[in-house]
Amino acid sequence: MDETGVYRHGPTRRQTLAAAALGLTLTAAGAQRAAAGAGEPPREPALVLTKFADRLPIPPLIRPRPRGDLGELTIRLRVAEHRLHSELPPTRLWTYEGVFPGPTIEVERGQRVRVTWANQLATPIPVASVAVSDAGLPPDRPPANYPGRDGVEPIGEVAALPAWAAVHLHGARTGGGNDGWAENAVYPGDVQLSEYRNDQPSATLWYHDHAMHLTRFTVFAGLVGMYLIRDKEEAALRLPKGAQEIPLVLCDRNFDLGRDGKPDGRLLHKVILEREDPPTSGFFLGPYNLVNGVVWPYLNVEPRWYRFRILNASNARTYRLMVLGQDGKPIPGALKVIGSDSGLLGAPAPVEGALTLSPAERADVLVDFTGLRGQTLKLVDTYPGITPGLPNPRNGIPEPDIMQVRVADATPGGKFTPPAVLSPSFKRLTPADVPAAHGHRWIVIPPSATFTDQPNDLGMWEMAEVDPATVTIPGAGIIQVEGPDGKVRTLKRVAGEYADRSDFVIGRGGWETWSFLALARQPHPMHLHMVRFQALSRGVYDRSGWNEELRGTTKPIRFLREGTLEGHEQGWKDVIRTQGTELVTVAGQFDQLGRYVYHCHILEHEMHMMRPFVVMPPEVLKLHPHGGHAGTH
């Protein structure tokens, strides 16, 4: 840490000593570049940086200090500087405890923990934000996929943002007062006090900033970290641990250019203008893939089983992950999913094709390197219909490589065998498992939402099921849906803006099914705070009945066929991906109390696609103006 209070990170003492032993002078790229792997195809020239030049760092692990029946932690939000690639100058970041990603916090199930989140940030936010037009550019080179501002000046309002922060423990089943309410953010010098009961099964959670309107910049600036809950059920499995259990925090970023025309390490939040009158921006997709805060790192492993705890911490990018062998071809079955967002599965689930993770989703996976000794592998991002490992700039993948894995040419170690049963307590829910007296909520994501101030352009609608005789059909905000049973339901838009009145009021302990009808082609990862749920179904629908001018349907949106739920999507979740014309229905029990939100976890969409809901004691709910029947099925 220097005299300004900024953490600065350069070559480690171990790296310097290793270089001295070889009679070398360690530079920013150093001897690691020589070990990047012979025969690698060159990176996209415009991206400049050498692939696989830097070792994958592992975030520090911290545990709460015991204080009676409580565990206590103080986590400081600090400004820091890190080299995100050895060929880049240091990047200024907003961090937890001076590291990016923040420390991995590990707790035991049922261990009540109080955390003091101390805001010691300083302005300005270390992110330049620009919105550029792709008019006149070649179709294979969208400007958002490449570094530099393209001559556009940064948005002044972003540079003037305060260091206002609120920490949300994503996936925690905790009371509303400890959830990190987005409008209860604190300034530098103040603290957020949160208590987490951790009364839930072992899971891969994460913490990140949730300050209202700011998350697309504050998370981008570095405010993200993992949070692991352990329990006896997990311990009994004797899964790979220690050096063989590795957190992988994936995200994409972009950088500004220096006077020499090369990336200079300054974070650049560049998005494309989807419409210029009025100016309407899209979402962020960056050209550089980072793992644990490093661009295109490499990982040395032994020929044995490993456990990867994978988090997609990107603003908007959906990763479709594959492992490619030394021959550049996919290794079938390389990833075996054992857990989803909120806990272990009942049994390992093989990955057919790619493992799809939208923003905020997690996957707990096992990888067997025992038969791959001496080989060099890659984890890549793919796109449907494109040969794995090849770039696809038009669809946001100018460089598909994420990281390289180097398997030691050594005798295989360990004698681990994946257990046939992971969580004996896990039960795959069916509609029959949901109590008959459950609430049913409808949320529609309309197409062509441009996120302007016009009510019809809002990105998410709350709907109420109504008698078709009580509304005008067709009409604005009226959507009819024909399900697989042939029944037509009539839905009426009742809310869209964050500040609209909310009828999503639930009695504690109550079960709910929430149906997300997506009519937009782009993916929308929907996140419900506090509750864990399971996806009951994903259906593919025909949206030809949608009328864009009317902003409603002229004939019912009609069921076509059952969609696919990937292995990790069949476990306990807190984020579910919707994409294309799909109807995804989830079910969960709302067992905490307080005021929460649900929203799209594409961070550029969040403030346009966020709505509150309230969970209260059922005895109190009887005094609610609607008598506790709002949304009852």
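Everything quoted here is computed from the prediction, not taken from an experiment. Sequential numbering from 1 along the given sequence is applied to the chain's residues.
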| said: Test salt bridge (Lys or Arg N to Asp or Glu O under 4.0 Å) on E462 and R441; report intermediate values, then the result. | reply: CA-CA 8 Å; E462 283 182 4; R441 315 288 172 170; over 6 Å; no
| query | Mind checking whether W206 and H601 have parallel, tilted or perpendicular rings, split at 30° and 60°? | reply | tilted
| said: With side-chain hydrogen bond (donor to acceptor under 3.5 Å, both in side chains) as the criterion, how do Y383 and N392 come out once you've worked through the C-alpha distance, each side chain's angles and the decisive distance to 0.1 Å? | reply: CA-CA 8 Å; Y383 192 83; N392 186 20; 5.7 Å; no
| Does any non-hydrogen side-chain atom of M460 lie less than 4.5 Å from one of M526? | yes
| said: How long is the straight-line distance from CD1 of I445 back to CH2 of W461, given to the nearest 0.5 Å? | reply: 12.0 Å
| message | For a quick check under 3.5 Å, do N312 and Y319 share a side-chain donor-acceptor pair by atom type? | response | no
| Out of Y306, W305, F369, which residue meets the ring pair (Phe, Tyr, Trp, His ring centres under 6.0 Å) rule with F416? | W305
| request: Establish, for the pair R253 and F220, whether the NZ or CZ atom is under 6.0 angstrom from the six-membered ring centre and no further than 45 degrees off its axis. | output: yes
| Side chains of Q404 and T376: donor-acceptor distance under 3.5 Å anywhere? | no
| message | Check this for me, if you would: do R266 and D264 make a salt bridge, where the nitrogen-to-carboxylate-oxygen distance has to be below 4.0 angstrom? | response | yes
| said: Do the side chains of E582 and R577 get close enough for a salt bridge, i.e. N-O under 4.0 angstrom? | reply: no
| query | Aromatic rings F284 and H269: how do their planes relate, parallel, tilted or perpendicular, breaks at 30° and 60°? | reply | parallel
| Under 3.5 Å, is there a donor-acceptor pair linking the side chains of H599 and H529? | yes
| request: Identify, with sequence neighbours excluded, every residue that meets side chain to side chain donor-acceptor pair (under 3.5 Å) alongside D542. | output: S544
| note | Distance col, row D209:CG vs H168:NE2, nearest 0.5 angstrom, shows 11.0 Å
| query | Is a side-chain donor-acceptor pair under 3.5 Å present for T554 with N547? | reply | no
| said: Check this for me: does any side-chain nitrogen of one of D150 and K270 sit under 4.0 Å from a carboxylate oxygen of the other? | reply: yes
| said: For L248 and L56: C-alpha separation, side-chain torsions, deciding distance, then whether side-chain contact (heavy atoms from CB on, under 4.5 Å) applies. | reply: CA-CA 9 Å; L248 299 178; L56 176 78; 3.8 Å; yes
| query | Between E399 and N289, do the side chains contain an N or O donor and an N or O acceptor separated by less than 3.5 Å? | reply | no
| message | I'd like to know if the side chain of N292 and the backbone of P57 have a donor-acceptor N/O pair within less than 3.5 Å. | response | yes
| said: As a test of understanding, state which of R532, K573, R309 forms a salt bridge (charged side-chain N to carboxylate O under 4.0 Å, His left out) with D341. | reply: K573
| request: For residues W514 and Y598, establish whether the separation of their ring centroids is below 6.0 Å. | output: yes
| query | Quick check: does any side chain N or O of Q570 sit under 3.5 Å from a backbone N or O of L565, one acting as donor and the other as acceptor? | reply | yes
| task | Indicate yes or no for a side-chain donor-acceptor contact from R216 to the backbone of E606 under 3.5 Å, with no hydrogens or angles considered. | result | no
